[in-house]
Amino acid sequence: MNKTSPLILVDGSSFLYRAFHALPSLTNSRGEPTGAIYGVAGMLRKLMGEYQPRDMAVIFDARGKTFRNALYAQYKAQRPPMPDELAAQIPPLHELIQVMGIPVLVVGGVEADDVIATLTHQARQAQMAVIIATGDKDLAQLVGPDVTLVDTMNGTVLDEAGVEKKFGVPPAGIVDYLTLMGDTSDNIPGVNKVGPKTAVKWLKAYGSLDEIMARADEIKGKVGDNLRAALAWLPRSRALVTVRRDVALDRGPGDLQVQETDRARLRELLTRLEFHSWLAELEEDESAPTATEARYDILMDPEQLDQWIDRLTEAPLFALDTETTSLDDMQARLVGLSFSVSPHEAAYLPLAHDYADAPAQLPLDATLEKLRPLLEDPNRPKLGHHLKYDRNVLLNHGIELQGITHDTMLASYVLNSTAGRHDMDSLAQRYLGVKTTRYEDVAGKGARQIPFSQVQLDKAAPYAAEDADITLQLHRRIWPQLQSLKEQRQIYDTLEMPLVPVLSRMERAGVQVDPELLFTQSHELAERMHQIEQEAHGLAGCTFNLGSPKQIQDILFQRQQLPVIRKTPKGQPSTAEDVLEQLALDYPLPRLILAHRGLSKLKSTYTDTLPERINRETGRVHTSYHQAVTSTGRLSSSGPNLQNIPIRTPEGRRIRQAFIAPQGRQILAADYSQIELRIMAHLSGDPGLLQAFADGQDIHRTTAAEVFQVEAEAVTTQQRRAAKAINFGLIYGMSAFGLARQLGIDRSGAQDYVDRYFARYPGVKAYMDGTRTQAREQGYVDTLFGRRLYLPEIRARNAQVRAQAERLAINAPMQGTAADIIKRAMLAVDEWIQTTSPGVTMIMQVHDELVFEVDTHQVAAARERITALMCGAAELDVPLLVDVGVGENWDAAHGQDTGY
DNA sequence: GCCCACCCGTAC
DNA sequence: GACGTACGGGTGGGCC
């Protein structure tokens with residue numbers, strides 16, 4: 001095995017053309033074209049970040065004729081000359097690459113491919129591995145045991161097996177394969193009518209081009225004739241597509257070390273080219289303080305590890321952080337662990353760094369066994385940042401992290417949910433005033449990101465150790481603040497921290513989803529969408545994309561001159577649902593667009609996507625619950641978002657039918673009835689509202705009876721609908737204008753409703769006014785349990801900004817209190833499950849609903865107990881009611897009483 | 001070619 | 001402009 005990192009050879013010319021055609025129009029302010037430079041340089045930076053090569057070169061074609069022109073005058077003869085906009089970019093590009101420290105090679109009389117082939121050949125003789133970066137598949141002929149091809153534009157990597165898979169022939173057959181097909185872009189003739197399929201078929205049958213030519217008589221039909229006609233020129237074509245490995249070069253593979261970037265010249269060049277984002281990165285890089293007084297250990301041998309385990313065991317609290325292969329909790333494998341017990345001191349324990357030359361590390365499994373007693377001891381307090389993730393990762397290795405006591409992400413969130421993001425880098429900046437090394441600084445980002453396991457230890461260790469160190473420092477800064485605020489500390493200690501393992505369990509449990517059912521639905525949706533599309537194109541008199549709001553605007557409001565009902569915040573005519581709904585009364589096309597949109601939404605977001613989210617190992621779908629995202633205290637869900645699965649339409653509800661219970665189990669869904677309105681009743685203390693809930697009335701009907709001054713029995717469907725809109729509007733801090741729009745009535749009518757509502761429920765009016773006043777005076781509002789939401793904009797000069805803050809002030813206490821209550825319920829239910837009921841699994845939370853999977857024979861007991869625990873999660877002045885349903889799937893479990 | 005803002009729509 | 005909290009898909013423009 002070779003011990004050095006691979007030599008990277010970049011086919012500069014192939015990338016140059018590609019970049020030029022991808023970004024033909026980029027210029028700087030002086031009109032000089034820069035797109036190709038930008039594209040190639042970006043590709044090179046990506047390569048550098050990914051491979052961090054010691055040896056690398058970028059090879060370009062030289063101007064003028066090559067030996068191939070001598071061999072065949074028509075070679076590339078049909079090619080138009082290089083456009084000026086491209087030619088102009090070559091000198092600055094060469095300069096830029098040199099300034100980056102990368103050797104540039106331009107050799108006359110041959111092509112870049114020949115130089116690459118020669119260097120590859122020489123490198124192999126010197127036992128060096130080679131990676132060739134090219135967008136051109138001709139070089140597949142060079143692939144071998146230690147020679148691979150990468151296409152950085154699309155991320156594909158071709159080794160020997162990859163070449164065979166892609167082309168159907170091994171690298172040794174590529175020349176023959178290309179010869180048979182010919183190359184129209186280079187004007188190399190092959191065999192007429194022979195494409196990839198025939199070429200592969202013949203090569204499989206005869207073994208080589210020589211053999212095919214020798215036995216050309218055996219091939220029947222028109223292609224046989226074509227082959228025999230081609231015999232005359234095929235040898236020459238073969239010579240043209242064969243790359244030369246014997247070019248005389250003044251530099252060998254040993255002379256291609258990457259040099260340090262010349263920062264001053266780079267800055268100058270980037271300024272001239274006006275590559276602002278790169279320039280900004282460069283400058284940020286330079287301004288970042290590099291020196292740190294921190295002392296970070298790398299634990300590479302058992303003695304060092306034991307020493308640290310002793311320190312951790314003795315510490316009253318230690319910070320812990322994992323480094324992994326993936327951001328996806330369920331997929332991630334451990335790469336290393338870091339620890340800290342005092343500020344500016346930390347250790348990184350690498351366990352699975354895996355790159356050429358990676359030093360030997362302590363063995364993963366045995367080391368984890370050594371750490372297990374410490375990590376699983378509930379009496380050894382742990383501190384982390386977003387520990388739910390670390391708990392999940394460790395569970396992937398069979399370790400159950402216990403003693404999760406402090407989490408800086410959650411502390412920051414409880415302290416002030418809207419102060420900014422709660423990721424570690426933001427907190428370090430906000431609370432400590434330091435810029436930390438970001439993940440992308442060591443592993444790259446976007447397409448150029450590499451797994452942490454491939455990050456070199458000398459970069460990985462300081463980064464990882466710093467995370468544990470910073471977490472500890474953050475805790476020491478944030479915790480005293482939180483501790484001094486009694487109610488918020490309570491939220492943190494008794495709600496958010498205990499919820500961490502509960503959410504972790506729910507995520508890992510996942511939910512079973514039936515892919516077949518969703519596939520069937522996808523097909524049906526596709527068919528109906530297609531029909532609608534045809535019809536819509538017919539009506540419009542042209543084809544257009546029904547999924548493009550922009551094109552719809554054009555068709556409806558330009559071509560068809562439909563009236564503009566409303567504009568989007570950016571001033572475009574809106575094509576939102578209610579707008580199209582209104583237009584649909586008078587015109588046919590909007591109706592079709594609406595129908596298409598509805599189906600398209602279901603298909604792309606749900607029926608197509610959910611099956612892809614099924615985990616291969618578990619066969620189930622695992623969401624992530626985010627505990628520090630919303631301003632109000634709610635959870636959010638992503639990957640997939642299970643909190644917005646359709647329910648309102650029959651079409652949508654079919655998707656819930658795919659959320660199923662396995663054999664022998666049932667889905668049990670329990671949701672709080674009208675929880676936010678009940679909280680409004682409690683918080684406002686309005687006697688009428690309290691009474692209505694105490695009497696168990698249908699609250700919307702009661703509201704309608706009061707507002708429209710009729711008997712409850714006489715309330716019409718329309719009236720109840722209006723009352724429901726009023727009730728929801730109240731929770732959202734809605735104005736009369738908003739209500740009018742919602743109900744499609746005029747403003748004064750809506751104002752009438754609101755006035756009558758407040759006259760009948762004066763306590764609610766007083767509560768709303770009081771909340772606004774309180775918000776203005778103290779700068780925040782809070783929930784029943786003391787969770788705070790700061791509203792700095794409540795005193796804004798701008799009326800619109802202020803109004804927005806006021807609506808938040810109204811909504812947050814109700815939404816937040818509901819969030820607090822269901823979190824309390826989750827803790828209680830989880831406690832019950834963990835201690836006595838392993839036949840019950842809590843699998844989802846949807847704001848006012850908890851979903852369980854229950855062993856069938858335990859359904860009756862679970863139903864009773866879960867109801868009791870949820871109802872008892874808070875003592876309000878109104879009853880808390882819970883509706884429970886049970887079924888084979890999530891849809892069936894809604895409002896179904898199956899008699900258990 | 002990649003990234004991101006925008007629009008829209010789903011949930012509670 | 002006017003109803004709170006989220007997530008995510010598709011489109012299309014920007015990148016310089």
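So that the names make sense, note that chain A is the first sequence line, chain B the second, and so on, each numbered from 1.
At whole-Å resolution of the value, CZ in A:Phe20 and P in B:dG1 are 14 Å apart. We find that CD of A:Gln845 is positioned 17 Å from P of C:dT5, with the value rounded to whole Å. When the P atom of B:dA11 is taken as reference, atom CH2 of A:Trp890 falls 11 Å away, rounded to whole Å. At whole-Å resolution of the value, CG in A:Leu599 and P in C:dG9 are 18 Å apart. Atom CD in A:Gln553 sits about 11 Å away from atom P in C:dG13, given to the nearest Å. In this structure, the NE2 atom of A:His596 is 14 Å from the C1' atom of B:dC8, given to the nearest Å.
No hydrogens or angles considered: nothing links the side chains of A:Glu507 and A:Ser624 as a donor-acceptor pair under 3.5 Å. When only modelled atom types and interatomic distance are considered, A:Ser637 and A:His626 share no side-chain donor-acceptor pair under 3.5 Å.
Seen from the ring of A:Phe737, A:Arg747 does not count as a face-on cation partner, given the 6.0 Å and 45° thresholds.
Both A:Leu739 and A:Leu635 lie near DNA chain C, and the one whose nearest nucleotide falls closer to the 5' end is A:Leu739.
Taking atom C1' in both C:dC3 and B:dC4, one finds a spacing of 27 Å when rounded to whole Å. One C1' atom belongs to B:dT10, the other to C:dA2, and the distance between them is 23 Å to the nearest Å.
Contact between the side-chain N/O atoms of A:Ser600 and the OP1/OP2 oxygens of C:dG9 is not found at any separation under 4.0 Å. For A:Gln551, a side-chain nitrogen or oxygen approaches OP1 or OP2 of C:dG12 to under 4.0 Å. One finds no side-chain N or O of A:Lys601 lying less than 4.0 angstrom from the OP1 or OP2 phosphate oxygen of C:dG10.
A donor-acceptor distance shorter than 3.5 angstrom exists from the side chain of A:Ser417 to the backbone of A:Ser631, with no hydrogens or angles considered. Although no hydrogens or angles enter the test, the distance criterion places no donor-acceptor pair under 3.5 Å between the side chain of A:Glu849 and the main chain of A:Ala670. Formation of a donor-acceptor pair under 3.5 Å by the A:Thr134 side chain with backbone atoms of A:Asp11 is not found in this model. A side-chain donor-acceptor contact under 3.5 Å links A:Tyr672 to the backbone of A:Met870.
For B:dC12, its base sits under 3.5 Å from the side chain of A:Arg634 at one donor and acceptor pair at least.
Direction change of the helix axis from one end of the helix from B:dG1-C:dC15 to B:dC12-C:dG4 to the other is 0°, with five pairs defining each end axis (rounded to 10°).
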